[in-house]
A.B. asks: 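Below is a structure I'd like to ask you about.
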Protein chains: 2
Amino acid sequence: MENINKQEATCEQELIAIRDSLEILGGKWKLRIMRHLNNHIAEINTFKKIQREVEGISAKMLSKELQDLEANLLLTRTVMNTRPVTVSYAITEYGMSVFPVTETLVQWGLNHRQKIK
Amino acid sequence: MENINKQEATCEQELIAIRDSLEILGGKWKLRIMRHLNNHIAEINTFKKIQREVEGISAKMLSKELQDLEANLLLTRTVMNTRPVTVSYAITEYGMSVFPVTETLVQWGLNHRQKIK
DNA sequence: ATTATCAGTTAACAAAAGGTAACCGGTTAC
DNA sequence: GTAACCGGTTACCTTTTGTTAACTGATAAT
């Protein structure tokens with residue numbers, strides 16, 4: 001059973017927690033990939049499909065970011081026995097814990113765009 | 001009056017929103033600085049005080065990040081007429097809109113640390 | 001045989017981010 | 001006058017991040 005309660009921490013511990021999060025989720029692409037997989041959770045998300053739909057990402061970056069996310073148990077990689085071979089990436093249950101993070105960033109970004117216009 | 005309602009967006013727009021947010025809040029220090037100011041909102045936060053309490057940040061980075069955040073109206077910079085001169089930084093009302101972002105990152109980081117241990 | 005698709009990898013490079021250390025001007029305390 | 005404090009700036013360097021383009025190997029369609 002996952003702990004969904006708010007945890008208490010000192011200010012110092014909070015800043016360490018932010019640092020930890022950014023070590024795993026930081027950078028230009030990881031949160032976008034996680035959000036995309038969350039938004040297409042019912043589909044088969046192959047490498048090419050993700051690359052098409054997460055606009056602007058190169059094969060090299062996508063490959064590297066997917067490896068990092070898999071290493072942190074946020075998604076799974078499955079080689080399908082199709083011809084030609086396709087590889088399917090799926091968000092894990094633990095990966096879904098990232099949703100609140102992407103959601104606040106989506107809302108902040110939408111609100112900010114509205115504000116500056 | 002601020003819009004605090006959830007906004008709807010397509011998946012594509014959501015990924016753009018995340019990109020926008022990260023352009024302004026991304027990197028190693030900005031969210032930590034914002035969280036620290038939010039946690040010490042009742043105090044006078046001078047440059048030196050922030051540098052002491054946001055552990056590890058150099059004067060150069062702190063100066064640059066504070067300028068960026070001020071340019072985006074997330075905080076204010078006030079020169080106090082003390083001897084020697086001190087400069088006080090304070091989070092703006094708009095800056096407080098970042099709180100949900102830092103909060104989800106704090107919770108995710110705390111939870112992650114608990115999980116891997 | 002040639003071309004196309006998928007899922008990458010590799011090499012070479014460029015740009016951005018961040019760290020270190022020295023320095024600056026103004027002021028005050030000794 | 002000398003040292004210390006505040007709030008930075010500057011120059012130099014390293015690391016990280018990201019881009020582009022060419023290439024691989026397996027398979028399948030024409």
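If you're wondering where the values come from, they're calculated on a predicted model, not measured in any experiment.
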A.B. asks: Quick check: do A/Leu74 and A/Leu25 have side-chain heavy atoms less than 4.5 Å from each other?
C.D. replies: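 Side chain of A/Leu74 against side chain of A/Leu25, heavy atoms only: contact under 4.5 Å found.
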A.B. asks: Examine distances only and state if a side-chain atom of A/Asn38 and a backbone atom of A/Met96 form a donor-acceptor pair shorter than 3.5 Å.
C.D. replies: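 No; zero donor-acceptor contacts below 3.5 Å.
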A.B. asks: Once each nucleotide of nucleotides 19-30 of chain D is scored for protein heavy atoms under 4.0 Å, what B/S/- sequence comes out, 5' to 3'?
C.D. replies: BB------SS--
A.B. asks: Using the side chain to side chain contact (heavy atoms under 4.5 Å, CB included) rule, pick out the option among B/Glu14, B/Gln7, B/Gln13 that qualifies with A/Val106.
C.D. replies: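 The passing option is B/Glu14.
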A.B. asks: If the condition is side-chain contact (heavy atoms from CB on, under 4.5 Å), which residues does B/Thr102 pass it with, not counting sequence neighbours?
C.D. replies: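 B/Thr102 satisfies side-chain contact (heavy atoms from CB on, under 4.5 Å) with A/Ile18, B/Leu31, B/Arg35, B/Val98, B/Phe99 once adjacent residues are dropped.
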A.B. asks: With a 4.0 Å heavy-atom cut-off, tell me which residues in residues 34-49 of chain B come close to DNA chain D, sorted by residue number.
C.D. replies: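 Correct list: B/Thr46, B/Phe47, B/Lys48.
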A.B. asks: Side-chain heavy atoms under 4.5 angstrom apart, residues restricted to Ile, Leu, Val, Met, Phe, Trp, Tyr: same cluster for B/Leu75 and B/Met80?
C.D. replies: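 Looking at the clustering, B/Met80 is in a separate group from B/Leu75.
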A.B. asks: Closer than 3.5 angstrom, by distance alone: can the side chain of B/Arg32 be matched with the main-chain N or O of B/Lys28 as a donor-acceptor pair?
C.D. replies: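 Yes; judged by distance alone, with no hydrogens or angles, the pair exists.
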A.B. asks: Taking A/Thr92 for the side chain and A/Leu73 for the main chain, is one N or O donor matched with an acceptor at less than 3.5 Å?
C.D. replies: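 Yes.
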A.B. asks: Between atom CG in B/Leu62 and atom P in C/dT20, what is the gap in whole Å?
C.D. replies: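 Those two atoms, CG and P, are 15 Å apart.
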A.B. asks: For DNA chain C, what residues of residues 66-76 of chain B have any heavy atom nearer than 4.0 Å?
C.D. replies: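 Here the set is empty: none.
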A.B. asks: Send over the distance from B/Glu65 CD to D/dT9 P, rounded to a whole Å.
C.D. replies: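 Distance check: B/Glu65 CD to D/dT9 P gives 13 Å.
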A.B. asks: Does A/Lys30 have any salt bridge (Lys or Arg N to Asp or Glu O under 4.0 Å) partners at least two apart in sequence or in another chain, and if so, which?
C.D. replies: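 Per chain and number, A/Lys30 pairs via salt bridge (Lys or Arg N to Asp or Glu O under 4.0 Å) with A/Glu65, A/Asp68.
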A.B. asks: Specify the separation, in whole Å, of atom NZ of B/Lys64 and atom C1' of C/dT20.
C.D. replies: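 After rounding, the reported distance stands at 17 Å.
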A.B. asks: For residues 50-58 of chain A, tabulate all N or O donor-acceptor pairs below 3.5 Å that involve a side-chain atom, not counting sequence neighbours.
C.D. replies:
residue : atom : partner : partner atom : Å
A/Glu53 : OE1  : A/His36 : NE2          : 2.8
A/Glu53 : OE1  : A/Lys49 : NZ           : 3.3
A/Ser58 : OG   : A/Met61 : N            : 3.3

A.B. asks: Rounded to the nearest angstrom, tell me the gap between atom CG in A/Leu22 and atom P in D/dT16.
C.D. replies: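 Interatomic distance, CG of A/Leu22 to P of D/dT16: 16 Å.
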A.B. asks: State the CD1-CH2 distance between B/Ile24 and A/Trp108, to the nearest 0.5 angstrom.
C.D. replies: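 Reported to 0.5 Å precision, the distance equals 4.5 Å.
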A.B. asks: In whole angstrom, give the distance that lies between atom CD of B/Glu55 and atom P of C/dG18.
C.D. replies: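 Atom-to-atom, B/Glu55 to C/dG18, this comes out as 18 Å.
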